Amino acid sequence: MQVSKLNDQARADALASLPEWTFDAQAGGIRRTVRFKDFAEAFGFMARVAIVAEKADHHPEWFNVYNRVEILLTTHDAGGLSQRDIDLARAIDAMTSPA
């Protein structure tokens with residue numbers, strides 16, 4: 001399935017609804033850092049995201065140190081940010097929202 005890169009307007013519109021995310025022009029994607037109480041919570045979060053990402057066949061680039069998870073979402077096949085990234089960002093935001 002062909003995935004298209006979002007144009008500038010679509011990217012701006014999407015980011016307006018994702019206040020925790022910032023556009024990284026060099027990486028061609030969006031970034032977010034999430035902090036947790038400890039390593040176990042951070043790792044549990046990563047496991048939950050991994051399940052959603054695998055089902056969507058769309059995987060984040062991420063980095064974890066102790067209680068911090070840094071996430072980059074980009075679609076390499078599209079050459080930048082796509083709707084798949086926006087959808088995964090929204091799913092990630094739902095996992096980090098207070099219950």
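Both backbone and side-chain heavy atoms feed into the values below; hydrogens, waters and symmetry mates do not. Remember, predicted model here, so these are calculated numbers, not experimental data.
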Chemist: Would you indicate whether the side-chain heavy atoms of Asp57 and Arg84 approach each other to under 4.5 Å?
Modeler: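 Of all side-chain heavy-atom pairs linking Asp57 with Arg84, at least one is under 4.5 Å.
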Chemist: Side chains of Leu81 and Thr74: does their closest heavy-atom pair fall under 4.5 Å?
Modeler: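 No, too far: nothing below the 4.5 Å cut-off.
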Chemist: Does Phe36 have Arg68 sitting over its ring (NZ/CZ under 6.0 Å from centre, angle to axis within 45°)?
Modeler: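 Judged by the rule (NZ or CZ under 6.0 Å from the ring centre, within 45° of its axis), Arg68 is not positioned above Phe36.
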Chemist: Could you walk me through whether Phe43 and Val69 pass the side-chain contact (heavy atoms from CB on, under 4.5 Å) test, one step at a time?
Modeler: CA-CA 9 Å; Phe43 195 83; Val69 179; over 6 Å; no
Chemist: Run the numbers on His58 and Asp87 for side chain to side chain donor-acceptor pair (under 3.5 Å), then give the verdict.
Modeler: CA-CA 10 Å; His58 190 57; Asp87 294 343; over 6 Å; no
Chemist: Tell me, do Arg11 and Asp8 make a side-chain contact under 4.5 Å, heavy atoms counted?
Modeler: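 Contact flag for Arg11/Asp8 side chains = yes.
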Chemist: Any side-chain heavy atom of Trp62 sitting closer than 4.5 Å to one from Leu72?
Modeler: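 Sidechains of Leu72 and Trp62: no contact.
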Chemist: Do Met95 and Val49 have side chains that approach each other closer than 4.5 Å (heavy atoms only, starting at C-beta)?
Modeler: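 The answer is yes; the side chains approach within 4.5 Å.
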Chemist: Looking at Glu20, is its backbone amide N or carbonyl O close enough to the side chain of Asp93 to form a donor-acceptor pair, meaning the two atoms are under 3.5 Å apart?
Modeler: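 Checking the backbone N and O of Glu20 against the side chain of Asp93, no donor-acceptor pair under 3.5 Å is found.
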Chemist: So Arg31 and Ile71, do their side chains get closer than 4.5 Å, heavy atoms only?
Modeler: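 Not in contact.
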Chemist: Distance check, rounded to the nearest 0.5 Å: Lys37 atom NZ versus Tyr66 atom OH?
Modeler: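 Reported to 0.5 Å precision, the distance equals 9.0 Å.
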Chemist: Check whether any side-chain heavy atom of Leu15 lies under 4.5 Å from a side-chain heavy atom of Ile30, and answer yes or no.
Modeler: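 Leu15 vs Ile30: side chains touch.
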Chemist: Are Phe39 and Phe63 connected, step by step, through hydrophobic side chains (Ile, Leu, Val, Met, Phe, Trp, Tyr) whose heavy atoms are closer than 4.5 Å?
Modeler: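 Per the 4.5 Å side-chain linkage, Phe39 and Phe63 are co-clustered.
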Chemist: Rounded to the nearest 0.5 Å, what separates atom CG in Asp85 from atom OG1 in Thr75?
Modeler: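 One gets 3.5 Å once the value is rounded to the nearest 0.5 Å.
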Chemist: Less than 4.5 Å apart, any side-chain heavy atom of Arg32 and any of Thr96?
Modeler: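 Of all side-chain heavy-atom pairs linking Thr96 with Arg32, at least one is under 4.5 Å.
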Chemist: In Å and rounded to the nearest 0.5 Å, what is the CE to CD1 distance from Met46 to Ile92?
Modeler: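 Separation between the atoms: 10.5 Å.
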Chemist: Are there more than 12 heavy atoms of other residues, nucleotides or ligands under 6.0 Å from atom CG of Asp13?
Modeler: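 Yes - once you tally the heavy atoms of other residues, nucleotides and ligands closer than 6.0 Å, there are more than 12.
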Chemist: How many angstroms lie between CG in Leu6 and CZ in Phe23, if you round to the nearest 0.5 Å?
Modeler: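 The distance works out to 9.5 Å.
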Chemist: Roughly how far apart are Gln83 CD and Ser4 OG, rounded to 0.5 Å?
Modeler: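 Answer rounded to 0.5 Å: 11.0 Å.
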